[in-house]
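Notes follow once the structure below has been shown.
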There are 2 protein chains.
Amino acid sequence: MTLYGGQGDPARTMALLWRAHSPAGPDTARGRTAPGPKQGLTVDAIVEAAIAIADADGMERLSMRAVGERLGTSAMALYTYVPSKRELVDLMYDHAHAGRPQRYPLDGGVRNAVRGWADGLWDRYLRHPWLLQVSYARPVLGPHEQAVLESLLAVLQAAELPPDRLRPAVSALFHLVRGAAQTAAEGRAAAAATGTSDQQWWTERSAQLSRLAPDFAQRFPHSTALAGSSSTTDYDPVRQAKDALDGGLRLLLDGLLTDSREAA
Amino acid sequence: MTLYGGQGDPARTMALLWRAHSPAGPDTARGRTAPGPKQGLTVDAIVEAAIAIADADGMERLSMRAVGERLGTSAMALYTYVPSKRELVDLMYDHAHAGRPQRYPLDGGVRNAVRGWADGLWDRYLRHPWLLQVSYARPVLGPHEQAVLESLLAVLQAAELPPDRLRPAVSALFHLVRGAAQTAAEGRAAAAATGTSDQQWWTERSAQLSRLAPDFAQRFPHSTALAGSSSTTDYDPVRQAKDALDGGLRLLLDGLLTDSREAA
DNA sequence: ACCATCTCCGTATGCCGTAAAGTGATCCCG
DNA sequence: CGGGATCACTTTACGGCATACGGAGATGGT
């Protein structure tokens, strides 16, 4: 199942996100410098430790205790820096969108530039599969996430789309990449967890299915045909998902870049 | 954040899914009828209770204790019927895909039939938003979920697509509907949770953003332009997401139903 | 009547996020 | 230089979760 939910308080999150890399202005409320002991940690260190845990062990193993332990302190020590776990996840999400070129050359045409963008995002998702467990159905909050959107918009601007096509295109592109990456990541994880090869897994599954539902082919003829048309040997779920993504992108770009205005 | 994870043991899940509505054949291992007390519950009752909880209170409130309580027993009583919570969620997922027409007339053309299918799925997701928190990046397991796929394939068959376009189209359609519905459901939930209107929410957010990042417009010119082109009064997130979905579908169908074969 | 077998429940374990209160370091001000 | 305010961090604890385990009692076959 997918345990999920809303993120933390957007105001707190945004303050943390946008302030994090600035030169740390004088945030002290009523002036002066500082009483009390120095801070031994930084928000960045906490976020990076949390990302390391999520990368290595998955989101379900990410706990405040684990992050604290990795930093040599307790779980509660983190609460000085981060209001709650939800905000920490938001910070992780944005931080994982940092870096990389973010500029996709238009020399090869809009198509190739869009594909480059999609490939970059795909790679990012497969490098940090836990990103796919953080809801993206929310406004963009952080600078790095914003940069990813901006880089796509820069590419699409070259296509000179009418505004009523731009928005749906952006949404659709994100949904496509994200959905395909999720399929890939989950297939990869399942293979790693069970230890069975993909082909073996499918064989077992279809054997079981034909035992449980002998009338499957009658009930679901089109599904049966689709499964039968599967390519012979390629059961690698990551490649399958990537092929589906590339194909979906092609369809979308075909629709996007033709001027066909046949009314529906 | 989105807490999520893999589903339960596929073999157990499938056995439960496909056996559930059959006339309950003699499953007793070594023949005979039954010792011990009669079962006081059914898997269906458990699944329906769980769905009722998820519909009313959301997935984060779904617990074995809550389901047991709703059925007048304890949490542990459920484990006679369901191996674990993960399998229960899988059963919920399939059960929520049951019912409804599942047949979309082709009189109005493939476009309209696909749109009908997408609208049906969209409605289902908004009726059971917790469906969007269950990972769909996994093989179809249950009969009702399969029927949804089958109904789409029946529609697409009329388009006589070449096989290398059919698979990506199916993936893309699911990703589009799901992504848009997730945006809508989350926006709706956020509005309900915070009590602020959508417009108000956006106003606060952009005010905060311009305070935290005064150089936003320089750093993200395209994003700024996109935000500025927003329609005047319509901040309803559900309608926005639906518009994005419709637009995305149009693009995809344009690409799908033209015979343009310009090599990329 | 016996007993194997089954359902269901009470209890317990080990997680989780985080509230609350205590501890001691550090700086400002006198 | 001393006292108090202020802060970072720790300890402890609470309530909740899924679920392992073992017991209680019902049931049917022999």
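Naming convention: chains lettered A, B, ... in sequence-line order (proteins, then strands); numbering from 1 in each chain.
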Under the 3.5 Å rule, do the base of D/dG16 and the side chain of B/Arg65 count as making a donor-acceptor pair? no
Report the residue (A/Ala75 or B/Leu41) whose heavy-atom-nearest nucleotide on DNA chain C is the more 5′ of the two. B/Leu41
Which part of the nucleic acid does A/Leu62 contact within heavy-atom distance under 4.0 Å: base, sugar-phosphate only, or nothing? sugar-phosphate
Given C/dC27, C/dG10, C/dT18, identify the nucleotide with an atom nearest to the side chain of B/Met76. C/dG10
A/Leu71 CG to D/dA8 C1': how many Å, rounded? 15 Å
How about A/His175 and A/Tyr136: does a side-chain donor come under 3.5 Å of a side-chain acceptor? yes
Phosphate oxygens OP1/OP2 of C/dC27: is one of them under 4.0 Å from a side-chain N or O of A/Lys38? yes
Position toward the 5' end of DNA chain D (nearest nucleotide), A/Gln39 or B/Pro83: A/Gln39
Side chain of A/Tyr79, heavy atoms from C-beta onward: which of D/dT19, C/dT18, D/dA8 has the nearest atom to it? C/dT18
A/Tyr81 has an atom OH; how far is it from atom C1' of D/dC9, in whole Å? 8 Å
Separation of D/dA18 P from B/Glu69 CD (nearest whole Å): 13 Å
Among side-chain atoms of A/Gln146 and B/Ser223, is any donor-acceptor pair under 3.5 angstrom? yes
For residues A/Ser135 and B/Glu186, is any side-chain donor paired with an opposing acceptor at under 3.5 Å? yes
Grab the CG-P distance between A/Leu88 and C/dC16 for me, whole Å please. 14 Å
Check every strand shown and say whether B/Ala77 touches a base, only sugar-phosphate, or nothing at a heavy-atom separation below 4.0 Å. sugar-phosphate
Take B/Ser84 and B/Glu87, measure what side-chain hydrogen bond (donor to acceptor under 3.5 Å, both in side chains) needs, and give me the verdict at the end. CA-CA 6 Å; B/Ser84 83; B/Glu87 282 83 1; 2.5 Å; yes
B/Ser74 side chain N/O closer than 4.0 Å to the phosphate oxygens (OP1, OP2) of C/dC9? yes
Tell me: CG of A/Asp57 to P of C/dC15, nearest whole Å? 14 Å
A/Lys85 NZ - C/dC16 P separation (whole Å): 8 Å
Between B/Arg86 (CZ) and D/dC17 (P), how many Å, whole number? 18 Å
In the structure I gave you, are the side-chain heavy atoms of B/Phe174 and B/Leu152 within less than 4.5 Å of one another anywhere? yes
Rounded to the nearest angstrom, tell me the gap between atom CE in B/Met59 and atom P in D/dA18. 11 Å
